[in-house]
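In this text the structure is predicted, and so the values were computed from the model without any measurement.
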Amino acid sequence: MEGGEKVLPEIRRDWVTNRWVIFSPARAKRPSDFKSKSPVGHEEEQSKSCPFCLGREHHCAPEIFRVPPDDPNWKLRVIQNLYPALSRDVTPPPADETPGQLMSGFGFHDVVIETPLHSLHLSHLPPSQIALVLGAYSTRILHFVSDHPSIKYVQVFKNHGASAGASLSHSHSQIMALPFLPPAVAARLHSMKDYFNRTGKCSLCEFNSNDLLIHQSPHFVAIVPYAATFPFEMWIIPLAHSPHFHELNAHKAVDLGGILKLMLGKMALQLNNPPFNFMIQTSPLRDSASELPHSHWFLQIIPQLSVAAGFEIGTGCYINPVFPEDAAKILREVNVLPSEGDD
């Protein structure tokens, strides 16, 4: 769709999120010209005041675990958030209670410090070490499954760059365990179930568009979704049907680490190292896989290239100036050189 001819706008519906998106390329420059206006800088020197750096563990909130265990030369640490949005110390609501308009602020808010070195970001790590980060997410989720029946949903997310919400530049991600099902998650599950009821198929298992494909690995596929909400939004999807992220095994975690590293590298090169968010979109903890033939987890990456304004806030609809097919083609063609120390 990129070229000199006039391209008319389109309105697309996302069968996963049930969101309508307006694609209006006339509002923007050429897709290949999109670059971040506020790239995230690389800090080569360890910040003297960074509490996440190796040797400054005593400046952090309490540690939950580290990898390797009890090793002063750790590779990653999971800690409590020093400024948690929810409290693990208040009385949890009854596990079988339907939330009304008010409930206690019970929940968990953890931080995953992805590397001991301040100068390294997640995309610099080899796939095997990214797999350790992914494994830390799974470990915490499994803890909530077994020990905290009031927890209904766990949101894993990463904010990279100040404008994406990161308060510290040291590479880290966060885990929030919630005693309720968030509305956006409920809407996604309802939309995917509706698609399954109409077709008998999972909407993500059905992906088969070469035009939207960025890369495929042995166990995952990276795409730009058909109705991408944001410019150059990417999804990494398991090829095999899988409702729960926390069921990811160690072998597939390394594969996911590799394709995640590749997507972050392509995004950084093409879009001028933009601030970004990634979120793991999974299923409610208490629902078994047999109950979820319609639900399929995926990892969503959103580079921060646009701002939600009055129209988006007022309607819940978004205007994307880049057609997904153009974004996928551009990202496919970005050549990322292997990093030193890659597996």
Side-chain angles (χ1 to χ4, degrees), residues 43 46-95 103-122 124-125 128-162 164-180 182 244-246 248 250 253 257 277-280 282 285-286:
E43 299 184 37
Q46 173 176 315
S47 171
K48 294 181 180 179
S49 62
C50 176
F52 291 172
C53 287
L54 184 70
R56 296 184 60 82
E57 294 83 0
H58 58 289
H59 290 280
C60 291
E63 179 176 294
I64 300 168
F65 68 86
R66 65 175 61 187
V67 178
D70 304 317
D71 191 334
N73 295 311
W74 48 271
K75 293 183 177 180
L76 71 83
R77 293 203 310 139
V78 180
I79 64 172
Q80 298 180 23
N81 194 307
L82 191 60
Y83 305 103
L86 296 168
S87 173
R88 65 192 72 207
D89 298 323
V90 303
T91 302
M103 59 195 308
S104 71
F106 171 78
F108 295 82
H109 191 173
D110 301 341
V111 175
V112 180
I113 305 172
E114 299 159 348
T115 168
L117 301 179
H118 197 86
S119 59
L120 293 181
H121 292 297
L122 190 67
H124 301 149
L125 303 179
S128 59
Q129 191 162 342
I130 298 175
L132 294 180
V133 175
L134 300 168
Y137 301 156
S138 295
T139 297
R140 283 303 282 156
I141 296 172
L142 287 167
H143 169 75
F144 300 132
V145 171
S146 63
D147 290 7
H148 296 282
S150 292
I151 296 300
K152 302 293 194 299
Y153 189 79
V154 178
Q155 182 65 67
V156 175
F157 63 98
K158 179 177 177 65
N159 303 329
H160 177 74
S167 56
L168 289 171
S169 59
H170 193 121
S171 191
H172 68 284
S173 41
Q174 300 181 62
I175 302 170
M176 287 192 67
L178 307 170
F180 62 92
H244 292 290
F245 166 80
H246 63 262
L248 181 73
N277 307 97
F278 79 53
M279 293 73 61
I280 294 176
T282 186
L285 297 191
R286 310 298 157 190

| remark: Heavy-atom nearest pair, L285 first then H244, reads O-CE1, 4.3 Å
| 4.5 Å side-chain heavy-atom contact, R88 and D110 | yes
| field | Nearest-0.5 Å distance that lies between atom NE2 in H160 and atom NE2 in H172 | value | 11.0 Å
| note | Residues C53 and H170: closest non-hydrogen pair is SG-ND1, 3.5 Å
| Check: V112 main-chain N/O paired with Q174 side-chain donor or acceptor under 3.5 Å | no
| request: Decide yes or no on side-chain contact (heavy atoms from CB on, under 4.5 Å) for T115 and S171, but give the supporting numbers first. | output: CA-CA 7 Å; T115 168; S171 191; 4.0 Å; yes
| Between V78 and R140, is any pair of side-chain heavy atoms under 4.5 Å apart? | yes
| Just how far is it from atom CG of L76 to atom CG of L125, taken to the nearest 0.5 Å? | 9.5 Å
| request: Please lay out, stage by stage, how F52 and V111 fare under the test side-chain contact (heavy atoms from CB on, under 4.5 Å). | output: CA-CA 10 Å; F52 291 172; V111 175; 3.9 Å; yes
| task | Can you see which heavy atom on K158 is nearest to which on S173, and at what distance? | result | CB-CB, 3.9 Å
| message | Ignoring hydrogens, what is the shortest heavy-atom contact between F108 and L86? Give both atom names and the distance. | response | N-CB, 4.3 Å
| field | Reported CD1-to-OG1 distance for the pair I141 and T282, which is rounded to 0.5 angstrom | value | 6.5 Å
| Gap separating the CG atom of L122 from the CD atom of Q129, nearest 0.5 angstrom | 9.0 Å
| message | Distance check, rounded to the nearest 0.5 Å: H109 atom NE2 versus L178 atom CG? | response | 10.0 Å
| query | What pair of heavy atoms forms the shortest contact from G257 to L134, and how long is it? | reply | N-CD1, 3.9 Å
| Above 12 or not: heavy atoms from other molecules or residues under 6.0 Å from CG of D70? | no
| field | R77 vs P116 side-chain heavy atoms within contact, under 4.5 Å | value | no
| Under 3.5 Å side-chain donor-acceptor pair for H59 and S49 | no
| Check: I151 and R286 side chains under 4.5 Å, non-hydrogen atoms | yes
| request: Please report the shortest heavy-atom distance between F106 and T91, naming the atom on each side. | output: CB-O, 4.1 Å
| task | Not counting sequence neighbours, which residues clear side chain to side chain donor-acceptor pair (under 3.5 Å) with H143? List them please. | result | D147, H148
| query | Is the backbone N or O of P93 less than 3.5 Å from a side-chain atom of S150, with the two atoms forming a donor-acceptor pair by type? | reply | yes
| request: Before accepting this row, confirm whether a basic side-chain N of the pair E57/R66 lies closer than 4.0 Å to the acidic partner's carboxylate O. | output: no
| said: Measuring from atom CD1 of I79 to atom CD1 of I113, what distance do you get when rounded to the nearest 0.5 angstrom? | reply: 4.0 Å
| message | Applying side-chain contact (heavy atoms from CB on, under 4.5 Å) to I175 and Y137, what does each step give before you reach the verdict? | response | CA-CA 7 Å; I175 302 170; Y137 301 156; 4.0 Å; yes
